[in-house]
Each structure stands twice: as C-alpha cells, then as structure tokens.
Amino acid sequence: MSATALLGGLTPRVFLERHWQKSACLIRGALPDPVSPISAEELAGLACEAGVEARLVRRIARKPGWSVRHAPFVEHDFTRLPAHGWTLLVQDVDKYVPALARLLDAFRFVPNWRVDDVMVSYATDGGGVGPHVDAYDVFLLQVQGFRRWAISRQLHASLVQPGLELKQVRDFRAEQEWLLAPGDMLYLPPGVAHDGIAVGDCMTFSIGFRTPSDSEMLADFAGLLIGATDREARYADPGLRDSSADPGRIAERSLREIRRRLTAHLRTDNDTLNRWFGCFITEPKPWLRPVAPRRPLTPAAMKTRLSAGLRRDPAALLCWMPARPGLHLFANGHCHNLPRSLAPLAQWLCHERDYPGTELVRFARNPSALALFTSLYNSGTVRSLRKS
C-alpha cells in the first residue's frame, strides 16, 4: 500500500508539512477493508507469554476509578473480566506478527529510527484508558468495530495516581470528536490530550513513533564520556593558597579548575557523537534483544548459506549514515564500519526484512559485505531461511 493512499490522498510531503508534530489529522478509509492478522483471543494469548509487555485497564467504582494490571497474564485473568468497560493493550505486536510488521512499510516516509512499535488494543463496549497525553507521535488505526475519539489541545495538569501509569489529565474538555469506523485513522502529534472510548467491542492499532527525551540521551551519552575517561585522573591543586582566614569558602580559582576539567571531557568530535547516537537509537528493548545462534559461523560457512536467503529478526532495527571515509551501519546498538562503496547494501538492508539469496551472493563478492553478513548472523540480527 502506498503512503499517499494511506494518508487519504495526501502525499507524504504535504502531510509532513501540514500535520506532522503540528495538528491532528483524520483520514477516512485509510485502510480499505481492514482485516486484523491477530484475533482478540490470540492477542490475549500473546499477553500471557513471558517477556511480552501488556496491560489490562478496567473502569472501577472505587477511587481512582481505574485498575491497571501488567503482564504476564494467565487465562483465568480474562475469564473473570466483566462484559464491558475493559481494555487489553499489548505493545510491540509487530515483533511477533509479521503481517503487522509489513503494515509499517506504508509509514516509511518517517525514518526507521523514529519508529517504535505497533500497539494493539482490544476494548469491550465503553472500554478505554481515560483522557491522557502521549509524548510521541501516533497513528490510531481502527481495525475492528467503532471507537469514539475526542481531543483537546488545552494545557492540562497531570492527574497523578500512584501505580496508575496512564498519564491521565484533569479537566479534559473535548474540542473535536470523531467516530472512527474500520479503516479510519487518526494522527495525533505529541502533547494532544485524547480520549478513546469503544462503541461496542473494537480493536485499534496504534503505530507509535519514538521521541527520545533529552534526559534519556544525556544519560546514555554520559556513559560514553565516562567510559572514555581515565578513572584515576583526579582534581589537583598544586597552587593551593592559604585559606586560614575563610576555610569555608570555595575559591573561584578552584571552580575554574573544576570547570576546565569537566568541559575538557565534553569536547566530542562529530563522528564520535554520530556513532554514539546510531548505537543509542538502535539499541533494542532488553526483552526484545535478538538471540544469538548457539553455533556462530565463520565467513566461509556463512557464504555457503547465503543462497538460501536471510531474514531480519523482527525486533532488529537497522539504520545507516555516511561517515569519513566510509559509512556506519547500525544494528541493535552496534556500529559496523563499511566502505562507501557498500552504501547500496546498507540502504537495502535497512529497507527490507527478507533478503533473497541471489542479492546476498552478489554482495558477498565484497569481503567486507561477507564479514558484515557473518557478524549480523552471529549476533542474531538476521537468521538463515535454510531449515536446519
């Protein structure tokens, strides 16, 4: 499906200029005749598996008015639910259901590193999570049944409830409302308060886009700086002066030395910063980290398998950027340095999920490409299609 068809006739360029991180956009019939590749029962089964991030949200009579439970669940958790007023939300369903991963192909007008996941929510009549604010861009695609969405761009004070974790807002006053039918889609930029209530039983796909916070990036970047610092290097003051008259004062001379020492560690060249960001942004969630094969392959053994083709791990994220003198390919938090001549290979690997053997064999004539395939396989980023 083309991005223009998904966006209701808007080209990606027009959509990005008019709406991306600016305003809500309702698209009727974005996905004609939608069919969910996962049923409500299968979604509940997925939420019972270890390592799957999921929540059950229910309206309750007592304060704070909501109940939130986190996975893993067991079958009994679903059999005792009431007939109405609850929602099951499961994160990263695209990592487990290939058809949902393919749905993301229509959103390639946004770079790979911004894509987070497809969350699937199943709600019974009246179900929802209350009016809330998200810190990321999201496309809300209605797949089954109907859901009424209301939005407000007013500034809201957070309604903080211990353990609730729903980011609900106070005094929500709807400014616009829509009833979404199967195939309709609503785009919301970060910070727009919204409230979705199921009208009958329904299923919604939420395509979320990652927006790393400054604090997240600073915390991770600080780890890089610390790792490059001599742990034995310490503050020194061989020119110390007599402080008997005022020993409690921190002298400007000492503060200048502290500033000098710390700012010296903050000077980072562009390539170091670029490599850090590529590794940081492609680092998988801990519970989705690809599993390396029990028997790693040598380049020679890898070469014999290429003709059967390779497939990217569903949770693997690949991105690339030019560098001097070559390029950097990032995969699951690791940086692979490649010659500039392999830019077509880097683009291909980042764009596709299945890699036909004919193309792999052609690229593998370059020793750097064969070494890359071997490294990606041994890290679990790609898997052989050959049945063992």
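All residue numbers refer to positions in the sequence shown, counting from 1. Just so it is clear, the values below take in all heavy atoms, side chains as well, and ignore hydrogens, waters and symmetry mates. Since the model is a prediction, treat every value here as computed from it, not as a measurement.
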| request: To the nearest 0.5 angstrom, please state how far the CG atom of L180 sits from the CZ atom of F146. | output: 10.0 Å

| Donor-acceptor pair, side chain of R259 and main chain of S254, under 3.5 angstrom | no

| Mutual orientation of the aromatic rings belonging to F15 and F109 [parallel < 30°, tilted 30-60°, perpendicular > 60°] | perpendicular

| query | Is R311 paired with E352 through a side-chain N to carboxylate O contact shorter than 4.0 Å? | reply | no

| task | Just say parallel, tilted or perpendicular for the rings of F280 and W276, cut-offs at 30° and 60°. | result | parallel

| About how many Å separate CH2 of W66 and CD of Q168, when rounded to the nearest 0.5 Å? | 5.5 Å

| task | Might you confirm whether atom CZ of R108 has over 12 heavy atoms from other residues, nucleotides or ligands at distances under 6.0 Å? | result | yes

| message | Do Q21 and D137 pair up side chain to side chain, a donor and an acceptor below 3.5 Å, judged on atom types alone? | response | yes

| query | Should F373 and L297 be regarded as members of a common hydrophobic cluster, given that ILVMFWY residues are connected when their side-chain heavy atoms come within less than 4.5 Å of each other, either directly or indirectly? | reply | yes

| request: With the side chain counted from C-beta on, respond yes when C279 and H334 share a heavy-atom pair under 4.5 Å apart, and no when they do not. | output: no

| Are any non-hydrogen side-chain atoms of E283 and F330 less than 4.5 angstrom apart? | no

| query | For the side chain of D184 and the backbone of A181, is there at least one donor-acceptor N/O pair under 3.5 Å apart? | reply | yes

| Hey, is the main chain of V68 close enough, under 3.5 Å, to the side chain of H70 for a donor-acceptor pair? | no

| field | side chain to side chain contact (heavy atoms under 4.5 Å, CB included) between H336 and W320, worked out | value | CA-CA 9 Å; H336 302 270; W320 78 280; over 6 Å; no

| said: A quick test of your reading: do over 12 heavy atoms of other residues, nucleotides or ligands sit less than 6.0 Å from CD of E252? | reply: yes

| query | Is it true that a side-chain atom of Q142 and a backbone atom of Q144 form a donor plus acceptor pair closer than 3.5 Å? | reply | yes

| Does D237 use its side chain to pair, donor to acceptor, with the backbone of G239 at less than 3.5 Å? | no

| note | Separation between CG (D94) and CE (M119), nearest 0.5 Å, reads 12.0 Å

| query | With no hydrogens and no angle check, is any side-chain donor or acceptor of K22 less than 3.5 Å from a backbone partner on L16? | reply | yes

| Can any side-chain N or O of S384 pair as donor or acceptor with the backbone N or O of L310 at less than 3.5 Å? | no

| request: Could you tell me whether D92 and K95 make a salt bridge, using a distance below 4.0 angstrom between a side-chain N and a carboxylate O? | output: yes

| query | Would you call D313 and R289 a salt bridge, taking side-chain N to carboxylate O under 4.0 Å as the test? | reply | no

| said: Walk me through whether F78 and C48 qualify under side chain to side chain contact (heavy atoms under 4.5 Å, CB included). | reply: CA-CA 10 Å; F78 297 100; C48 293; 3.8 Å; yes

| request: State, without any angle test, whether R173 and S152 hold a side-chain donor-acceptor pair at a distance under 3.5 Å. | output: no

| query | Any salt bridge between R148 and D195, counting N to O under 4.0 Å? | reply | no

| task | Could you tell me whether R253 and E257 make a salt bridge, using a distance below 4.0 angstrom between a side-chain N and a carboxylate O? | result | no

| Are W149 and M203 connected in a single hydrophobic cluster, I mean Ile/Leu/Val/Met/Phe/Trp/Tyr linked by side-chain heavy atoms less than 4.5 Å apart? | no

| said: With clusters defined by side-chain heavy atoms of hydrophobic residues (ILVMFWY) lying less than 4.5 Å apart, directly or transitively, does Y136 cluster with L141? | reply: no

| query | Heavy-atom distance under 4.5 Å between the side chains of L317 and P284, does that happen here? | reply | no

| query | How about W348 and Y355: are their ring centroids closer than 6.0 Å? | reply | yes

| message | Given 3.5 Å as the limit, does a donor-acceptor pair link the side chain of H132 with the main chain of G130, or not? | response | yes

| Enclosure of L255 CG (heavy-atom neighbours >12, cutoff 6.0 Å) | yes

| field | Full working for side chain to side chain contact (heavy atoms under 4.5 Å, CB included) between L7 and I27 | value | CA-CA 6 Å; L7 296 172; I27 302 162; 4.0 Å; yes

| query | Just checking, is any N or O donor in the side chain of D117 or Q91 under 3.5 Å from an acceptor N or O on the other one? | reply | yes

| said: Run L31 and V143 through side chain to side chain contact (heavy atoms under 4.5 Å, CB included) and show every step you take. | reply: CA-CA 8 Å; L31 191 66; V143 180; 5.6 Å; no

| task | Check whether any side-chain N or O of S206 sits under 3.5 Å from a backbone N or O of G208 as a donor-acceptor pair, and report yes or no. | result | no

| Hey, does the side chain of T124 reach the backbone of G127 with a donor-acceptor pair shorter than 3.5 angstrom? | no

| query | When rounded to the nearest 0.5 angstrom, what is the spacing between CZ in R18 and CG in L10? | reply | 6.0 Å

| field | Same apolar cluster (I L V M F W Y, side chains within < 4.5 Å links), V93/L140 | value | no

| said: For D246, I'd like to know if atom CG has over 12 heavy atoms of other residues, nucleotides or ligands within 6.0 Å. | reply: yes

| request: Answer whether the closest heavy-atom distance between the side chains of L56 and L81 falls below 4.5 Å. | output: yes

| Any donor-acceptor N or O pair under 3.5 Å, side chains D269, T272 | yes

| Any side-chain donor-acceptor pair under 3.5 Å between H328 and N337? | yes

| field | Side chain to side chain, W86 and V57, heavy atoms closer than 4.5 Å | value | no

| remark: Nearest heavy-atom approach of P131 to F172 is CB-CG, 3.5 Å

| If we ignore angles and hydrogens, is there a donor and acceptor under 3.5 Å between the side chains of H351 and N112? | no

| query | If you measure from CG on N366 to OG on S341, what distance do you get to the nearest 0.5 Å? | reply | 5.5 Å

| field | Beyond-backbone contact of L43 with L88, side-chain heavy atoms, under 4.5 angstrom | value | yes

| Taking side chain as C-beta onward, heavy atoms only, is T211 less than 4.5 Å from R114? | yes

| field | R324, CZ: over 12 other non-hydrogen atoms inside 6.0 angstrom | value | no

| request: For residues A47 and V52, report the shortest heavy-atom separation together with the two atoms involved. | output: CA-CG1, 4.4 Å

| Validation row, ring centre Y187 to ring centre F139 under 6.0 Å | yes

| query | Between D201 and R147, is a salt bridge (Lys or Arg N to Asp or Glu O under 4.0 Å) present by the stated rule, with each step listed? | reply | CA-CA 9 Å; D201 296 352; R147 188 185 289 267; over 6 Å; no

| Can you find a side-chain donor-acceptor pair between S213 and S215 that sits under 3.5 Å? | yes

| Nearest-0.5 Å distance that lies between atom CZ in R340 and atom CG in L327 | 6.5 Å

| query | L225 versus T268: any side-chain heavy-atom pair under 4.5 Å? | reply | yes

| Should V120 and L6 be counted in the same cluster of Ile, Leu, Val, Met, Phe, Trp and Tyr side chains packed under 4.5 Å apart? | yes

| task | Just do the side chain to side chain donor-acceptor pair (under 3.5 Å) check on T381 and S379 with the steps written out, would you? | result | CA-CA 6 Å; T381 301; S379 66; 2.9 Å; yes

